[in-house]
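Below, chains carry the letters A, B, ... as their sequence lines are ordered, and counting in each starts from 1.
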Protein chains: 2
Amino acid sequence: MDATTEALQDDAGTFPHLDRDTSNCSIARTLEVVGEKWTILILREVWYGSSRFSEFERVLGCPRNLLAARLKMLVEEGILATETYQEPGSRSRPKYVITPKGADLVPAVMGLLQWGDRYRADPEGPAMLSRHRGCGAHVDAQIRCDQGHAVQPEDIESIPGPAFRLRPAE
Amino acid sequence: MDATTEALQDDAGTFPHLDRDTSNCSIARTLEVVGEKWTILILREVWYGSSRFSEFERVLGCPRNLLAARLKMLVEEGILATETYQEPGSRSRPKYVITPKGADLVPAVMGLLQWGDRYRADPEGPAMLSRHRGCGAHVDAQIRCDQGHAVQPEDIESIPGPAFRLRPAE
DNA sequence: CCTCTGAGTTTACTTTTCCATACTCAGCTA
DNA sequence: TAGCTGAGTATGGAAAAGTAAACTCAGAGG
């Protein structure tokens, strides 16, 4: 940890957050990849079991050109990978499967899912439920610290990290 | 639980997911609220300490009309609430604070944050770090079941819920 | 060789969203 | 009552997304 970072961290809570350079924000960078329309919904369908172009098209009702563009981007980003499948009597064709990098998006998507379940579900409840395979208990996304404590949003402290930078003067 | 849902749940894993009605998906509904550009970044700035219109504008560099529209929507949705502040010598003006409903989005945003930290951070690391106030340990979003087990993405089983519907025939 | 099928690509058009800038408005001070 | 400031609103053009339909392409089967 360099001296600048150290100094800023000592000042945690009162660091100059309004003057920081926000171009290297991890939230913004994740949204550059998954923030476009259809992208997260494609991933949702992957974990519900779809893998073929025609399946995504059918269940999402999304334009083919956008679907092709999003799938291509997800493969280029390493979130999906292509494999091949072959129906009897047909030639082999590509299908899309999740990679470990893609699976690491699950906590974020679970977070969106459970917020929608809580605040925007139909009166009778959610359309889909998630449970732990085997134990069968309901699962959800939650925040924990490395000591194993459950953490409430108001007990999260955000402090400058190693790549913290101030905005260049205008 | 009605008979249809029961039947579908017995069939978990092989339910007709390609024929389901996806219009009541909780992920899609959450994205209707927070999926537009700037919305999540506004919330990020709220937990980093901003509350005033001019602060959001300055740190985000977002167009004023979009900022006004997003703030208005977030207040209408109950994610932010307005309070007033008054600088000495100035009239009172509105500021924006997070509500409990807004705080419930933290797991989703933490999920996006940690994915970006892992895969898209600068070589030296993240721009910001999150720690548990008091204990000081690093915090992250993770998936757990109600039995307290940590759950890996591949051990999540998605099954039809009470609002599961098949798509109307075409 | 012809046809069929899934997986795209291409094109043309409409609609929505985004962006930059100019303008307005309310109240506090001079 | 004129000017200043923070918080917006209005507007016009650019970019992205959505829609629909035609077109391509690579094999398997006939």
Side-chain angles (χ1 to χ4, degrees), chain A residues 18-19 22-23 28 31-43 45-46 49-77 80-97 170, chain B residues 18-19 22-23 25 27-28 30-46 49-77 80-97 170:
Chain A
L18 289 175
D19 290 313
T22 54
S23 66
L31 292 175
E32 284 169 18
V33 188
V34 299
E36 283 167 311
K37 204 156 184 172
W38 300 113
T39 306
I40 286 187
L41 301 182
I42 290 169
L43 295 178
E45 291 310 318
V46 172
S50 294
S51 62
R52 304 175 188 183
F53 191 93
S54 58
E55 290 175 334
F56 296 122
E57 186 192 2
R58 175 177 169 195
V59 74
L60 293 173
C62 135
R64 309 161 68 77
N65 51 355
L66 291 186
L67 177 56
R70 296 296 174 267
L71 286 171
K72 187 179 174 194
M73 186 273 297
L74 286 167
V75 170
E76 283 169 1
E77 290 290 336
L80 297 181
T82 46
E83 295 182 356
T84 56
Y85 74 95
Q86 187 158 20
E87 290 286 332
S90 292
R91 68 188 174 109
S92 68
R93 299 180 189 283
K95 67 173 183 175
Y96 299 89
V97 298
E170 279 144 40
Chain B
L18 289 176
D19 291 312
T22 54
S23 66
C25 167
I27 299 171
T30 302
L31 292 175
E32 284 170 16
V33 188
V34 298
E36 283 165 311
K37 200 158 183 174
W38 301 113
T39 306
I40 286 187
L41 301 182
I42 289 169
L43 296 177
R44 177 194 75 191
E45 292 310 318
V46 172
S50 295
S51 63
R52 304 175 187 183
F53 191 92
S54 58
E55 292 176 332
F56 296 122
E57 187 194 2
R58 173 176 169 196
V59 74
L60 292 172
C62 131
R64 309 164 68 77
N65 56 351
L66 290 186
L67 177 55
R70 297 294 175 267
L71 287 170
K72 187 180 174 195
M73 186 273 296
L74 286 167
V75 169
E76 283 170 359
E77 290 290 337
L80 297 181
T82 47
E83 296 181 356
T84 56
Y85 75 95
Q86 187 158 20
E87 289 287 333
S90 293
R91 70 191 172 108
S92 68
R93 301 181 188 283
K95 67 173 184 175
Y96 299 88
V97 298
E170 283 144 39

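For R52(A), counting side-chain heavy atoms from C-beta on, the closest listed nucleotide (dA7(C), dA7(D), dA20(C)) is dA7(C). Of the candidates dG8(C), dG6(C), dG6(D), dG6(C) carries the atom nearest the R93(A) side chain, counting heavy atoms from C-beta on. Closest approach to the A68(B) side chain among dG8(D), dA22(D), dG18(D) is made by dG8(D) (side chain taken as heavy atoms from C-beta onward). The side chain of R91(A) lies closest to dC25(D), out of dC28(C), dG8(C), dC25(D).
Each of S54(B) and N65(B) lies near DNA chain D, and the nucleotide nearest S54(B) is the one positioned closer to the 5' end. Nearest-nucleotide positions on DNA chain D place S90(B) closer to the 5' end than the other of S90(B) and K37(A).
Between I42(B) atom CD1 and dA7(D) atom P the separation is 14 Å, expressed in whole Å. The separation between K95(A) atom NZ and dG8(C) atom P is 14 Å, rounded to whole Å. If you take CG of L66(B) and P of dA10(D), they are 14 Å apart, rounded to a whole angstrom. Between E57(B) atom CD and dA22(C) atom C1' there is a gap of 14 Å when expressed in whole angstrom units. Atom CG in L67(B) sits about 17 Å away from atom P in dT21(C), given to the nearest Å. Straight-line distance from the CG atom of L60(A) to the P atom of dT19(D): 12 Å, rounded to whole Å. In this structure, R58(B) atom CZ and dG6(D) atom C1' are separated by 14 Å, rounded to whole Å. In this structure, R64(B) places its CZ atom 15 Å from P of dC25(C), rounding to the nearest Å.
Nucleic acid contact for F56(A): none, since no nucleic acid atom lies under 4.0 Å from a heavy atom of the residue. Among the protein residues, E36(A) comes within range of the sugar-phosphate backbone only, with heavy atoms under 4.0 Å from sugar or phosphate atoms but none that close to a base.
For Y96(A) and dA7(C), the shortest distance from a side-chain N or O to OP1 or OP2 is not below 4.0 Å. Applying the 4.0 Å criterion to OP1 and OP2 of dT17(C), one finds that R70(B) has every side-chain N and O outside that range. Regarding contacts with the backbone of dC19(C), a side-chain N or O of W38(B) is found under 4.0 angstrom from either OP1 or OP2.
Between the side chain of E55(A) and the main chain of S51(A), a donor-acceptor pair closer than 3.5 Å is present. With R70(B) contributing its side chain and K37(B) its backbone, the two residues share a donor-acceptor pair below 3.5 Å.
Heavy-atom minimum distance, V75(B) versus T82(B): CG2-CG2, 4.1 Å. Of all heavy-atom pairs spanning M73(A) and V33(A), the tightest one is CE-O, 3.2 Å. Listed here is the closest heavy atom pair of K95(B) and T84(B): CE-O, 4.3 Å.
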